[in-house]
Amino acid sequence: VQLQASGGGLVQTGGSLKLSCAASGPTASSYGLGWFRQAPGMERDFVAAINWNGMRTHYADSATGRFTISRDNAKNTVYLQMNNLKAEDTAVYYCAANRYTFAVSRRMGDIDTYEVWGQGTLVTVSS
C-alpha cells in the first residue's frame, strides 16, 4: 500500500481543517490507518487511528473531543477532521498503515506497529 496525505494549511486558532490520506494498492481497504504528528524538534506522536472497517477508533488525549477520524473504503481514503485547533496542534501530520487487529484499542496508537508511512502535510495554527 502507498499513502498520500493532503489537506494541510494555515488556519487561525479555533478554526477547522480536514486532512485526507489516499491509500493505493489492491489490499488498501484491509489496512488499519492512523494519523501521527511531529512538531519541530519533537518526537512523532500518535493522534488518531481507525481499524480496517471503520468500526473501531482510538484517539490521543489531545485529540479527543476535537478531532474525528473516519474512512471511506470505497475511496480508500481516511480523513481527520480537526476542530477548535490550537497553536500546539501545529505540526507535520503523517498518515500510516498497519495490518494488525488489536484486542485492546490503545494498541492502535502504537507507532511501532505501523509499517507504511505517507509523506507529511503541514498544519500551522496561528494565534
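All heavy atoms count here, side chains included; hydrogens, waters and symmetry mates do not.
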In short, T121 meets A5 closest at the heavy-atom pair CG2-CB, 4.3 Å
OH (Y100) and OG1 (T113) are apart, to the nearest 0.5 Å, by 7.0 Å
dist T90:OG1 -> L122:CG (nearest 0.5 Å) comes out at 8.0 Å
Q2 atom CD: more than 12 heavy-atom contacts under 6.0 Å:
no
Tightest non-hydrogen contact, residues L10 and S126, listed as CD1-CB, 4.2 Å
Tightest non-hydrogen contact, residues Y114 and M108, listed as OH-O, 2.5 Å
### Message
Contact between I111 and R44 at the side-chain level, heavy atoms closer than 4.5 Å - yes or no?
### Response
yes
Taking the six-membered ring for Trp, are the ring centroids of W117 and F36 within less than 6.0 Å of each other? yes
> Given side chains that start at C-beta, do those of V123 and V125 come closer than 4.5 Å, heavy atoms only?
Replying inline: yes
Rounded to the nearest 0.5 angstrom, the OG-CG distance for S24 and N76 is 8.0 Å
In terms of hydrophobic clustering (I, L, V, M, F, W, Y; side-chain heavy atoms under 4.5 Å; direct or indirect links), are M82 and V78 co-clustered? yes
Evaluate the side-chain proximity of S62 to R37: yes if any heavy-atom separation is below 4.5 Å, no if none is. yes
> Are N51 and T101 side-chain neighbours, meaning at least one heavy-atom pair lies under 4.5 Å?
Replying inline: no
Linking I/L/V/M/F/W/Y whenever any side-chain heavy atoms sit under 4.5 Å apart, do I69 and L17 land together? yes
Rounded to the nearest 0.5 Å, the CZ atom of F67 sits from the OG1 atom of T57 at a distance of 14.5 Å
Here's one to test your reading of the geometry: is the NZ or CZ of R71 within 45 degrees of the ring axis of Y79 and under 6.0 Å from its centre? no
- Message: Taking the ring centre of each residue, are F102 and H58 less than 6.0 Å apart?
- Response: no
Heavy-atom closest pair (N83 atom, Q81 atom, distance to 0.1 Å) is OD1-NE2, 2.9 Å
Interatomic distance, CG@L85 vs CD@E88, rounded to 0.5 Å, equals 10.0 Å
OG1 (T77) and CD (Q4) are apart, to the nearest 0.5 Å, by 11.0 Å
*asked:* Can you confirm whether R56 is buried at CZ, in the sense that more than 12 heavy atoms of other residues, nucleotides or ligands lie under 6.0 Å from that atom?
replied: yes
Non-hydrogen side-chain atoms of L80 and Y93 separated by less than 4.5 Å
yes
Of all heavy-atom pairs linking L3 and C21, the shortest is CB-SG, 3.8 Å
Check your understanding: So, do W35 and L19 sit near enough that their side-chain heavy atoms are less than 4.5 Å apart?
Key -> yes
In terms of heavy-atom contacts, S30 and T27 come closest through OG-O, 2.6 Å
Item to check | Salt bridge R107-D110, side-chain N to carboxylate O under 4.0 Å | outcome: yes
